[in-house]
Amino acid sequence: MSGDVEQVAGWVRDARQIALLSGAGMSAESGVPTFRDAQTGLWAKFRPEELATEDAFRANPQMVWDWYAVRREMIAKVEPNAGHLAVAAFQRRHPNRLTVVTQNVDGLHQRAGSPGVLALHGNIAQDKWLDAPGDCCTHMEPVAGRPPRCAKCGNMRRPAVVWFGEMLPARELQAAEEAARRCDLMLVVGTSGAVYPAAGLARIARGKVVVVNPHASELDDAADVVLRGTAAALLPQLLEEGPG
Ligand code: BJW
């Protein structure tokens, strides 16, 4: 274990309240592509800012729906990695000592067994109505299609995720801010720190801030320690509480 890793493992042991803010890099070793790293396939053609918006969906609902369909299918096939599992195991050993705040929509923290995950950007496995549903929408099954629509008014189904320009779920965001304000230690794992208000949580953390990321991030300047490594390699070392 490097000196820095050992030091942070000590902070983990001493902290009464830990907040873990995760981003796409948390799931990279499960095989889920990140948003802003070099991308292949669909990701090479579009930036998230161009697809993850209501305007993009209204302009080209089939293309955006298909982008999500490909990602949903891929996410359904992957498994939580050693990082997700180390977090969940820590929470089992220490109930109520670690709060997971995630920007990820893949549900992998939840599948690893983490309780009470605060999912700031929604859940890609679910969908919801694009416009406020009328009686027709709520009483009829949507007609299958890409995207499915209400047979009567044409209202479309859309992924239940948070797009740019949309508000984050109020309860989750408030709970995440509280977790940041009361923590003794925040682990910021696998996020570029480019998207707000999630990234701002690292800047309001009361306690020490540790960034875990193999590459430079926009939150490195907010960190007391930056650990250059991956989530699946480092989180087990930080959270497994060896002899210390
Ligand atoms: C590894 C690794 C390994 C690789 N281990 N690490 C303040 C300032 C400026 C702008 C704004 C601001 N406040 C709000 C805004 C506007 C906007 C915003 O932030 N824009 C920025 C781009 C500038 N924010 C919003 O619009 C938000 N809403 C909002 O603020 O509402 C209020 C409001 C309303 C109206 C007007 C104004 C305000 C909503 C943001 C929603 C983001 N949604 C998405 C898509 C979700 C659905 C989907 O999946 O399609 O969320 S965008 C995308 O980015 C996704 C992610 O959750 C999010 C963050 O990305 P993340 O997780 O950091 O991934 P990457 O790819 O960027 O980084 C991966 C990292 O992992 C890298 O650093 C790698 O090095 C690392 N890594 N392998 C560890 N193995």
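Not measured: the values here are computed from a predicted model. Remember, it's 1-based here, ligands and their atoms both numbered in the order they're listed. Below, each value reflects all heavy atoms present in this structure, side chains not excepted, and no hydrogens, waters or symmetry copies.
- Under 4.0 angstrom from ligand 1, the non-hydrogen atoms of S192 come from both its backbone and its side chain.
- Checked by distance only, ligand 1 and V212 stay at 3.5 Å or farther apart across all their nitrogen or oxygen atoms.
- Checking only distances, A231 does come within under 3.5 Å of ligand 1, N or O to N or O.
- Assignment of V189 to the shell around ligand 1 is not supported, since no heavy atom sits closer than 4.0 Å.
- Looking at H121 against ligand 1, only its side chain comes within 4.0 Å, counting heavy atoms.
- If you look at Y68 next to ligand 1, the close heavy atoms, those under 4.0 Å, all belong to the side chain.
- Taking any N or O of N104, backbone or side chain, none lies under 3.5 Å from an N or O belonging to ligand 1.
- Residue G165 places a heavy atom under 4.0 Å from ligand 1.
- Residue-to-ligand polar distances place F35 within reach of ligand 1: an N/O pair is separated by less than 3.5 Å.
- Every atom of ligand 1 with a heavy atom of H215 under 4.0 Å away is listed here by number and element: 75 (O).
- Here's the thing with Y196: one of its N/O atoms is less than 3.5 angstrom from an N/O atom of ligand 1.
- The shortest N or O to N or O distance between A52 and ligand 1 is not below 3.5 Å.
- The side chain of V105, and not its backbone, has at least one atom closer than 4.0 Å to an atom of ligand 1 (non-hydrogen atoms only; side chain from C-beta on).
- Distances between N or O atoms of W163 and those of ligand 1 include no value under 3.5 Å.
- Judged by distance alone, with hydrogens and angles left aside, the side-chain atoms of Q91 form a donor-acceptor pair with the main-chain N or O of L98 at under 3.5 Å.
- For ligand 1, none of its N or O atoms has an N or O atom of T230 under 3.5 Å away.
- Checking only distances, W67 never comes within under 3.5 Å of ligand 1, N or O to N or O.
- Shown in contact with A24 at under 4.0 Å from a heavy atom are these atoms of ligand 1, numbered in order with element: 61 (P), 62 (O), 64 (O).
- Of all atoms in ligand 1, numbered sequentially from 1 with element shown, those under 4.0 Å from a heavy atom of G190 are 6 (N), 69 (C), 70 (C), 71 (O), 79 (C).
- Every residue meeting the side-chain hydrogen bond (donor to acceptor under 3.5 Å, both in side chains) condition with T191, not counting sequence neighbours, appears here in chain and number order: Q103.
- If you number the atoms of ligand 1 from 1 as listed, the ones under 4.0 Å from a heavy atom of E166 come out as 27 (C), 28 (N), 29 (C), 31 (O), 39 (C).
- By the 6.0 Å contact criterion, NZ on K152 is open, its count of non-hydrogen atoms from other residues, nucleotides or ligands being 12 or less.
- In the vicinity of E29, heavy-atom distances shorter than 4.0 Å reach the ligand 1 atoms 3 (C), 5 (N), 80 (N).
- Only backbone heavy atoms of A194 (N, CA, C or O) come within less than 4.0 Å of ligand 1; its side chain stays farther off.
- Every atom of ligand 1 with a heavy atom of G23 under 4.0 Å away is listed here by number and element: 62 (O).
- Residue contacts with ligand 1 include R71, since one of its heavy atoms falls under 4.0 Å from the ligand.
- Considering only residues two or more places apart in sequence or on other chains, R203 meets the side-chain hydrogen bond (donor to acceptor under 3.5 Å, both in side chains) condition with D221.
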